[in-house]
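Input: a single structure, listed below in structure tokens.
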Amino acid sequence: MPEGHSIHRLARQFSDVFLGQRLAVSSPQGRFGDGAALLDGRVVESASAHGKQLFLDFEGGLVLRVHLGLYGAWDFGGDETFAGASSIGAPRRVGEREIADDGGTRLSAAPPPPRGAVRARLVSDHGWADLRGASTCTVETVAEALAVRDRLGPDPLAGRVPGQGRGRGPGEEKPGDDGEEFARRITRRRTPVARLLMEQDIVAGIGNVYRAELLYRARIDPATPGTDLGADRAAALWRDAAATMSQGVRDGRIVTTDPALWTDGPDTLPAPVEAHYVYRRHGLACRTCGTAVMLAEEAGRKLYWCPRCQS
DNA sequence: CGACAATGTCGAT
DNA sequence: TCGACCTTGTCGC
């Protein structure tokens, strides 16, 4: 259940460990058989992300596009070369749970027998990656992948993830700030801002945790129509999304609370129970004012907010 | 061990 | 608005 930060982290991981490598691609589960055959034996030219879409560019103009959906995840393993190349610590698992890296790099270049339904398996000389549970795993032309990216809104993490998007690919990060484009899109509609933040053609990469936490941090009522936001609050939301989600890329977790609130001090990451202001804190006291955090079901997703701070 | 929820999105109604 | 998708951790019996 990844939001954009996890996908950018994955893109960096793929750049680190597979860039320039020739991969054996297979589909132990079988549901990706045709795509695997198309990519098998090709060299990876770039890896990038836009919002929750992951793009792996292979030689010959073929792109592997993956969306993890609700419960997709990648598992990694490899030898010392593979682990040493990873700037995110060669996590064994990225994408599904907000868990810290357990440090348990599998020091074996050979992948284990597939466990469960492995839809795609990528194997280099030094390591491997297994994909399971993804909602989308498809091979496309560069033009097709670009069309998917172009349907998305601006991504607050674009150009903010070091080492990602090297080479020229469909998910290539453009440096620069798309805050004005975000403001145009979100202030054009009367829909409540809580819903607009989840729409990937308004802004790409925000999910149910970040939308609740960003609205709390900005003290914005989730019911505020986009048209009432104003350019100033829209710009502030964009800046905070970029800063907060960048930390998520670095930490491999969503942490939105002020370090001053962490009982173990600001020098380590907080316990999970201290990582959020409102998400999953229904009925608990707001960390700022003590009012009970509210919960409402909205468009099939749970929305959390503080009725006092955010009014 | 079964039920259920979960950081997502699409397509049918 | 609802079920499908199809994985996994958590909780209750």
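Chain identifiers are assigned alphabetically (A, B, ...) following the order of the sequence lines, protein sequences preceding nucleic acid strands; residue numbering begins at 1 within each chain.
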Q: Take the protein atom CG of L214(A) and the nucleotide atom C1' of dT7(B), then report the distance between them rounded to whole Å.
A: 13 Å

Q) To the nearest 0.5 Å, what is the distance between CG (L196(A)) and CZ (R188(A))? A) 11.0 Å

Q) Would you say R217(A)'s side chain and Y277(A)'s backbone share a donor-acceptor pair under 3.5 angstrom? A) no

Q | Stem regions touching DNA chain B, defined by at least 3 consecutive Watson-Crick or wobble G-U pairs below 3.5 angstrom | A | B:1-6 with C:7-12, B:8-12 with C:1-5

**Q.** Atom P, compared across dT7(B) and dC11(C): separation rounded to whole Å
**A.** 16 Å

(Q) Let's see if you can work this out: which of dA6(B), dT7(B), dT9(B) has an atom nearest to the side-chain heavy atoms of H67(A)? (A) dT9(B)

Q: For H276(A) and dA6(B), give me the distance from atom NE2 to atom P, rounded to whole Å.
A: 13 Å

Q. How long is the gap from OG1 on T244(A) to CZ on R239(A), to the nearest 0.5 Å?
A. 12.0 Å

Q: Give the rounded distance in Å between these two atoms: CG of L68(A) and C1' of dC10(B).
A: 16 Å

Q | Residue A117(A), side-chain atoms from C-beta onward, closest of dT9(B), dT7(B), dT7(C) | A | dT7(C)

Q: Indicate whether OP1 or OP2 belonging to dA6(B) is found under 4.0 Å from a side-chain N or O atom of R301(A).
A: no

Q: Inspect the surroundings of CZ in R308(A) and state if more than 12 heavy atoms from other residues, nucleotides or ligands are less than 6.0 Å away.
A: no

Q. At their closest point, which heavy atom of W262(A) faces which heavy atom of L269(A), and how far apart are they?
A. CZ3-CA, 4.2 Å

Q: Please measure how far the P atom in dC13(C) lies from the corresponding atom in dA5(B), and state the result in whole Å.
A: 15 Å

Q: Would you mind checking if R189(A) and E199(A) are paired as a salt bridge, meaning a charged N to carboxylate O distance below 4.0 Å?
A: yes

Q | Distance in angstrom units between R119(A) CZ and dC5(C) C1', rounded | A | 9 Å

Q | For atom CG of L70(A) and atom P of dG3(C), their distance in whole Å | A | 15 Å

Q: State which of dT7(C), dT9(B), dA6(B) makes the closest approach to the side chain of Q29(A).
A: dT7(C)

Q. Is any side-chain N or O of K52(A) closer than 4.0 Å to OP1 or OP2 of dT7(B)?
A. no

Q: Could you label the plane-to-plane angle of the F82(A) and F76(A) rings as parallel, tilted or perpendicular, counting under 30° as parallel and over 60° as perpendicular?
A: tilted

(Q) In whole Å, I'd like the distance from the OH atom of Y304(A) to the P atom of dA5(B). (A) 11 Å

Q | Candidates R65(A), H67(A), Q200(A) - the one meeting side-chain hydrogen bond (donor to acceptor under 3.5 Å, both in side chains) with Q53(A) | A | R65(A)

Q) About how many Å separate OG of S48(A) and CG of L54(A), when rounded to the nearest 0.5 Å? A) 7.5 Å

Q: Scan Y210(A) against the nucleic acid and name what it touches under 4.0 Å (heavy atoms): base, sugar-phosphate only, or nothing.
A: nothing

Q: Taking only heavy atoms on the protein side, list every residue of residues 199-207 of chain A lying under 4.0 Å from any atom of DNA chain B, sorted numerically.
A: Q200(A), G207(A)

Q. What's the spacing between R184(A) CZ and D178(A) CG if we round to 0.5 Å?
A. 9.5 Å

(Q) Nearest whole Å is fine: how far is dT7(B) C1' from L157(A) CG? (A) 14 Å

Q. M198(A) CE to dA6(B) P: how many Å, rounded?
A. 12 Å

Q.
Taking dG9(C) as the reference, what is the distance to dT9(B) when you measure between their C1' atoms (whole Å, please)?
A. 22 Å

Q.
Using atom P in both nucleotides, what's the gap between dT8(C) and dC10(B) to the nearest angstrom?
A. 23 Å

